[in-house]
Amino acid sequence: MEQNKPQTEQELTQQAAVRRQKLADLCEAGHNPFEITKYAQDAYSADLKNEFADLAAEAETGKIVSLAGRMMSKRIMGKASFAHLRDQKGDIQIFVKRDLLGDEAYAAFKKLDIGDIIGVKGEVFRTKMGEISVRISELTLLSKSLLPLPEKFHGLTDREARYRQRYVDLIMNPEVKDTFVKRSLILKEIRAYLDEKGFLEVDTPILTPFEIGASARPFYTHHNTLNMDMVLRIETELYLKRLIVGGMDRVYEVGRIFRNEGMDPKHNPEFTTIELYQAFTDFHGMMDLVEEMYKRLALKVCGSLEITYQGKQIDMGHWERLTMVEAVKKYSGVDFNDWKTDEDAIAAAKEHHVELPEVPTKGAILAEFFDAFVEDKLIQPTFIYDYPVEISPLAKRKPTDPAFTERFEYFIDCTEYGNAFSELNDPIDQKARFERQVAERKAIEPGCKAQVDYDYVNALEYGLPPTGGLGFGVDRLVMLLTDSASIRDVLLFPTMKPID
């Protein structure tokens with residue numbers, strides 16, 4: 001595999017050495033392709049095929065076009081040859097005839113390699129075999145491919161190579177590009193939906209001054225001018241809610257997030273989230289927004305509310321809503337309301353072989369029961385709401401039961417896709433929760449540098465209106481809507497360990 005270092009002549013394959021010699025010969029003859037700066041492209045493969053879909057075999061169009069792209073095949077047949085050119089929109093056959101192109105240009109064409117980038121001009125017609133093609137009258141080599149394209153660059157065995165060399169993956173596997181075209185469409189559609197709802201897209205800092213008390217581990221870096229350590233953000237939440245305080249009532253950010261944690265098919269150290277906040281609504285308003293937005297995305301991207309994900313039929317048109325207490329009772333038979341004390345909850349956990357959390361309170365143990373008994377049952381879209389206060393430091397308590405918060409997460413195919421709150425806007429309660437969170441974190445991990453964000457508490461003291469907030473991972477959503485098994489399949493350049 002190509003390494004990120006210069007290759008010696010000995011390391012070059014024979015094919016690559018031949019290609020370099022061809023380049024040297026071109027340069028010596030005054031035809032260095034790398035000196036060409038542009039090419040007037042006025043047509044694309046798919047558009048021509050659509051335009052002339054009804055053209056009869058062997059019929060001419062009289063239409064002269066200029067195409068540019070990569071040559072993906074070549075078939076030399078004496079005085080006439082065929083090749084396939086791949087451009088932005090697909091592949092199209094080109095017919096190269098010596099009598100039309102000229103002896104010198106035809107000889108130059110025969111020396112071209114698969115992978116070379118060319119510009120061609122000619123007339124569109126349909127061959128006797130029925131293929132829309134372009135009969136070439138001019139051909140220009142625009143860029144020489146010095147490395148041969150791999151014969152096999154597809155399937156499971158090549159996944160590592162495909163992720164490392166995404167540029168080759170995109171050349172060899174056109175369906176990969178379709179995933180990323182859909183990713184772009186999904187983001188465009190989300191933005192359109194939120195913009196229509198009156199949300200304003202904003203940007204907040206990626207470099208933050210200190211680590212907050214949340215459980216996610218950050219990446220650290222150092223700012224030389226300020227001579228201070230800084231942290232790559234693990235969320236966009238606290239800055240966005242400062243904007244709600246400032247009177248920007250509906251805001252969202254499409255944000256890159258960084259967490260110094262494990263990697264698996266659903267986690268990458270850097271990933272994209274969308275967080276949004278709306279003043280004067282609550283978490284039920286966020287539920288309605290999620291359901292409406294996901295239905296719209298399914299219809300737009302997949303053409304149906306019934307989608308297939310990894311062999312399972314998912315009905316995006318129907319969303320169940322359960323409290324965490326209801327869900328745990330439904331799937332484990334255990335009723336939170338039977339626990340009078342933390343000791344009752346600990347006994348129930350031991351009886352049902354449920355792992356005890358680091359701080360074993362009733363609420364935290366309920367969350368462990370949920371993880372053990374419920375999450376792997378939630379295949380169809382489901383909102384789980386009313387989360388214990390112990391695991392929800394930023395959510396508003398339920399006025400009717402302060403042991404719980406107005407928070408939900410939503411699940412599809414046994415995976416959490418997003419998290420939402422009625423945002424905590426009581427600065428006194430927020431300060432106490434932050435301080436307890438940091439203290440608990442330092443008790444478990446004495447060397448951690450977590451701090452309370454007192455400036456955020458200060459912002460709350462100016463008054464945060466009742467607010468609904470939502471955060472969801474874009475990458476998981478793209479996986480769902482493109483039927484991709486791994487997060488690496490929906491990231492153009494996933495995090496990889498260097499080969500050496």
Looking at Phe472, Phe370, Tyr385, Tyr417, which hits ring-ring contact (aromatic ring centres under 6.0 Å, His included) with Phe411? Phe370

Heavy-atom donor-acceptor pair, Asn227 side chain to Asn224 backbone, under 3.5 Å: no

State, yes or no, whether a side-chain contact exists between Glu320 and Leu378 at a heavy-atom distance under 4.5 Å. no

May I ask you to check if Lys49 and Tyr44 form a cation-pi contact, with NZ or CZ under 6.0 angstrom from the six-membered ring centre and within 45° of the axis? no

What are the two closest non-hydrogen atoms of Tyr309 and Ile314, and how far apart are they? CB-CG1, 4.2 Å

If only atom types and distance count, is the side chain of Thr308 paired as donor or acceptor with the main-chain N or O of Lys312 below 3.5 Å? no

Answer yes or no: does atom CE of Met228 have more than 12 heavy-atom neighbours from other residues, nucleotides or ligands under 6.0 Å? yes

Would Tyr277 and Tyr252 count as a ring pair (Phe, Tyr, Trp, His ring centres under 6.0 Å) here? Give the steps. CA-CA 6 Å; Tyr277 294 88; Tyr252 73 95; over 10 Å; no

Please check if the number of heavy atoms outside Lys377 that lie under 6.0 Å from its NZ is greater than 12. yes

Charged N to carboxylate O below 4.0 Å: is that the case for Glu201 and Arg250? no

Assess whether a salt bridge exists between Glu291 and Arg296, defined as any Lys/Arg side-chain N lying under 4.0 Å from an Asp/Glu carboxylate O. no

For atom CD of Glu196, decide whether the heavy atoms of other residues, nucleotides or ligands shown that lie under 6.0 angstrom number more than 12. yes

Nearest 0.5 Å, please: how far is CD1 in Ile117 from CZ in Arg70? 4.0 Å

Is the backbone of Arg256 close enough, under 3.5 Å, to the side chain of Arg233 for a donor and an acceptor to pair up by distance? yes

Taking Ser81 for its side chain and Val96 for its backbone only, find out whether a donor-acceptor pair lies under 3.5 Å. no

Please round to the nearest 0.5 Å and tell me the distance separating atom OG of Ser133 and atom CG of Leu48. 10.5 Å

Kindly say whether Ser66 contributes a backbone atom to a donor-acceptor pair with the side chain of Asp42 at under 3.5 angstrom? yes

Looking only at heavy atoms, the pair that brings Arg407 and Ala395 closest together is CB-CB, 4.1 Å

N/O donor-acceptor pair under 3.5 Å between Asn50 side chain and Ala46 backbone: yes

Less than 4.5 Å apart, any side-chain heavy atom of Thr140 and any of Val120? no

Nearest 0.5 Å, please: how far is CG in Leu139 from CD1 in Ile118? 4.5 Å

A side-chain contact here means heavy atoms from C-beta on lying under 4.5 Å apart; do Thr467 and Thr281 qualify? no

Are the side chain of Ser145 and the backbone of Leu147 linked by a donor-acceptor contact shorter than 3.5 Å? yes

Is there a side-chain contact between Asp91 and Leu85 (heavy atoms, below 4.5 Å)? no

Going from NZ on Lys266 to CD on Glu416, what distance comes out if it is rounded to the nearest 0.5 angstrom? 10.5 Å

Can Lys63 and Asp47 be said to form a salt bridge (charged side-chain N to carboxylate O under 4.0 Å, His left out), step by step? CA-CA 13 Å; Lys63 179 164 185 163; Asp47 299 338; over 6 Å; no

For salt bridge (charged side-chain N to carboxylate O under 4.0 Å, His left out), just list the numbers for Arg159 and Asp489, CA-CA rounded to whole Å, side-chain angles, deciding distance to a tenth of an Å, and then say yes or no. CA-CA 9 Å; Arg159 283 215 179 271; Asp489 295 327; 3.2 Å; yes

Identify the two heavy atoms, one from Asp483 and one from Gln310, that lie closest to each other, and give their separation to 0.1 Å. OD1-N, 2.6 Å

With a cut-off of under 6.0 Å to the ring centre and 45° to the axis, is Lys74 in cation-pi contact with Phe109? yes

Just wondering, do Phe383 and Val290 contact through their side chains at under 4.5 Å, heavy atoms? yes

What residue among Thr272, Thr236, Leu232 forms side chain to side chain contact (heavy atoms under 4.5 Å, CB included) with Ile257? Thr236

Arg166 (side chain) donor-acceptor with Leu492 (main chain) under 3.5 angstrom: yes

Passes salt bridge (charged side-chain N to carboxylate O under 4.0 Å, His left out), Arg217 versus Glu211? Steps please. CA-CA 9 Å; Arg217 286 181 184 278; Glu211 179 180 346; over 6 Å; no

Mind checking the OG1-CG spacing from Thr495 to Asn268? Nearest 0.5 Å is all I need. 4.0 Å

Is the NZ or CZ atom of Arg135 positioned over Phe125's six-membered ring, under 6.0 angstrom from the centre and within 45° of the axis? yes

Just wondering, more than 12 heavy atoms not from Lys300 lying within 6.0 Å of its NZ? no

Give a yes or no on whether the backbone of Glu306 and the side-chain of Ser304 come within a donor-acceptor separation of less than 3.5 Å. yes

Applying salt bridge (charged side-chain N to carboxylate O under 4.0 Å, His left out) to Glu131 and Arg126, what does each step give before you reach the verdict? CA-CA 5 Å; Glu131 187 168 354; Arg126 193 183 287 279; over 6 Å; no

Flag this pair as yes if the NZ/CZ of Arg183 is under 6.0 angstrom from the six-membered ring centre of Phe180 and inside a 45 degree cone about the axis; otherwise no. no

So, for Glu423 and Lys241, which heavy atoms are closest and what is the spacing to 0.1 Å? OE1-NZ, 2.5 Å

Quick one: does any side-chain atom of Glu235 pair with a main-chain N or O of Leu238 as donor and acceptor, under 3.5 Å? yes

To the nearest 0.5 Å, what is the distance between CG (Leu477) and CD1 (Ile190)? 5.0 Å

